[in-house]
Trainee: 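Below is the structure I would like to discuss, written out as structure tokens.
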Amino acid sequence: MLTKRIIPCLDVKDGRVVKGKSFVDLRDAGDPVELADVYYKEGADELVFLDISASSEGRDTMADIVERISEKVFMPLTVGGGIHSIDNIRRILLAGADKTSLNTAAVQNPFIISEGADKFGSQCIVIAIDAKRVTDSNPLRWEVYTHGGQKPTGLDAVEWAVKAVSLGAGEILLTSMDSDGQQSGYDNELTRTISEAVNVPVIASGGAGTPQDLYNALVFGKADAVLAASILHYNDYTIKDIKEYLSQKGIPVRK
Amino acid sequence: MITIIDYGAGNLRSVLNAFAKLGYTTKVVSTPQEVYKAEALILPGVGAAGHIMQSLKALALDNAIREYINQNRHFLGICVGMQVLLSKTGENGGYNCLNIIPGNVKRFNEGLKVPHIGWNQVKQKQNHPIFNGIADETNFYFVHSYYCDPQDKTVIAGETAYGKTFCSAIIKGNMIATQFHPEKSGETGLRIYDNFIKLATGKNNSVE
């Protein structure tokens, strides 16, 4: 049976982890390579790196980092942030990443999805959607935001997800802007709505505070995988704790 | 020499990294002459089978690989590098493959999330040294939309459940192929590569 994936997400800026766990025994907690190795050994199922560098120099650094990580860590790696062209995708994949996640670039030019899927395969093209509830919408609606959640697009999140998949996206990384950073649970209605609308795996993101929240996203949100940041970086939960909890509640996980 | 075929596969680097981590020296090749010289030949793969067949043909590697395998020399195919061993794939609108293992490559049924992405268990169907040190039903990392359906079921070395039970590993003589990605399957995945090289170099050819 396919297991549910627990995926730590690390924010990297100019080659340094800016949102990631402060492991006391690490020589350098800001080194993405060292952190990747820790999560690998802890039993993470994949890793996502979000490059939040503002400069092209910062992004050059990201490619170097991916190279170093892929020499050490034998698990799937996804890189997102600042990827705007087929050349950017190629560069990150050649560095050793397995998938690239596209957000703003895909909204601005949806054909980057089909071109990327055609050149590298759908499995390399993850579409990241930042969605926010539309106030007083009935039935509930969510709007897509780009530019790191700064810019409303007018796009309906469900329609955009369906379109992205029809163009060749192999996976949806879905972040609830309402829940992100709150640690009060994922937006399971959003996750379920998108998960039922598309036939590719959906990774729920934004809002995990307890293992129960991950359970809810997998069961009530029908997510195929859960992304976790703060719960791993700042709280007392390890991946092992979370998997133990999920396993006891009957969720198939890799141990 | 451990020889890895380069036809532009996206996961070449990960495969190289895995062998390097195990301490093996590898050679990356893209000509038939170098394929014939291999002591152990690895065909990595990710993406669409039709594309790979096109690339292999363009490099005249299709016949070289077929001949190499027909001589019962040590071969390991990974993911799409397994799928191209069959007769035909439904991918890319239907495409003829190497036809070394008679059978078709089929898309997962409607109603399932496709690609099949993530860690899933491999039920070992053959007692073979490639699985030395690896428990039955161990999780490996998969990412694929199509699966192999060989006619001769005795070549099936591993099975995995996704909607239905599908063939996730094939062994025939010295030809081994896995649908999962050992280079992305942690320490257990590395063990598959290590076992393969030990088999190919004659350092270990008995089941533990």
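Order of the sequence lines sets the chain letters (A, B, ...), proteins ahead of strands, with each chain counted from 1. Basis for what follows: all heavy atoms, side chains included, without hydrogens, waters or symmetry-related copies. For clarity, every value in this text was computed on a predicted model and none was experimentally measured.
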Trainee: Between B:Thr160, B:Ile117, B:Val80, which residue shows the highest count of heavy-atom pairs closer than 4.5 Å to chain A?
Mentor: B:Ile117
Trainee: Once rounded to the nearest 0.5 Å, what's the spacing between atom CD of B:Glu183 and atom CZ of A:Phe74?
Mentor: 9.5 Å
Trainee: Can you name the closest pair of heavy atoms from A:Leu94 and B:Arg13 and give their distance?
Mentor: O-CD, 3.1 Å
Trainee: Let me know if A:Arg5 has heavy atoms under 4.5 Å from chain B in its side chain, its backbone, both or neither.
Mentor: side chain
Trainee: What's the spacing between A:Gln123 CD and B:Ser145 OG if we round to 0.5 Å?
Mentor: 7.5 Å
Trainee: Please find the pair of heavy atoms, one from A:Gly96 and one from B:Ser14, that lie closest to each other, and give the distance.
Mentor: O-OG, 4.0 Å
Trainee: Look at the side chain of B:Asn120 and the backbone N and O of A:Met1, then say whether any donor-acceptor pair between them is shorter than 3.5 Å.
Mentor: yes
Trainee: Checking B:Leu16 against A:Glu71 for the side chain to side chain contact (heavy atoms under 4.5 Å, CB included) test, could you report, in this order, the C-alpha distance in whole Å, the side-chain angles of both residues, the deciding distance, and whether it holds?
Mentor: CA-CA 9 Å; B:Leu16 287 173; A:Glu71 284 167 11; over 6 Å; no
Trainee: Go through A:Glu67, A:Lys119, A:Lys72, A:Lys255 and name the one with the most non-hydrogen pairs under 4.5 angstrom from chain B.
Mentor: A:Glu67
Trainee: A:Ser70 versus chain B, heavy atoms under 4.5 Å apart: side chain, backbone, both or neither?
Mentor: both
Trainee: Give me the atom names and distance for the closest heavy-atom approach of A:Pro201 to B:Lys113.
Mentor: N-CD, 4.0 Å
Trainee: Taking all heavy atoms of A:Val200 and all of B:Val114, pick out the closest pair and write down the distance.
Mentor: CG1-O, 3.3 Å
Trainee: So what's closer than 4.5 Å to chain A heavy atoms on B:His181: side chain, backbone, both or neither?
Mentor: neither
Trainee: Crowded around A:Lys249 NZ? As in, over 12 foreign heavy atoms under 6.0 Å?
Mentor: yes
Trainee: Given a strict heavy-atom distance threshold of 4.5 Å, which part of B:Leu112 is in contact with chain A: side chain, backbone, both, or neither?
Mentor: backbone
Trainee: Relative to chain B, which of A:Gly170, A:Ala117, A:Gly121 shows the most heavy atom pairs under 4.5 Å?
Mentor: A:Gly170
Trainee: About how many Å separate OG1 of B:Thr188 and CZ of A:Arg254, when rounded to the nearest 0.5 Å?
Mentor: 7.5 Å
Trainee: Please round to the nearest 0.5 Å and tell me the distance separating atom OG1 of A:Thr3 and atom OH of B:Tyr141.
Mentor: 10.0 Å
Trainee: In chain order, what residues pass the salt bridge (Lys or Arg N to Asp or Glu O under 4.0 Å) check against B:Asp194, with sequence neighbours excluded?
Mentor: B:Lys198
Trainee: Which one wins on heavy-atom pair count under 4.5 Å against chain B: A:Asp118, A:Val202, A:Val73, A:Val253?
Mentor: A:Asp118
Trainee: Is the side chain of B:Trp119 donor-acceptor paired with the backbone N or O of A:Leu2 at a distance under 3.5 Å, no angle test?
Mentor: no
Trainee: Is chain A contacted by the side chain of B:Ala18, its backbone, both, or neither, given a heavy-atom distance below 4.5 Å?
Mentor: both
Trainee: Using heavy-atom distances under 4.5 Å, tell me whether B:Glu187 contacts chain A through its side chain, its backbone, both, or neither.
Mentor: both
Trainee: Flag the one option from B:Lys184, B:Gln121, B:His51 with the top tally of heavy-atom pairs under 4.5 Å to chain A.
Mentor: B:Lys184
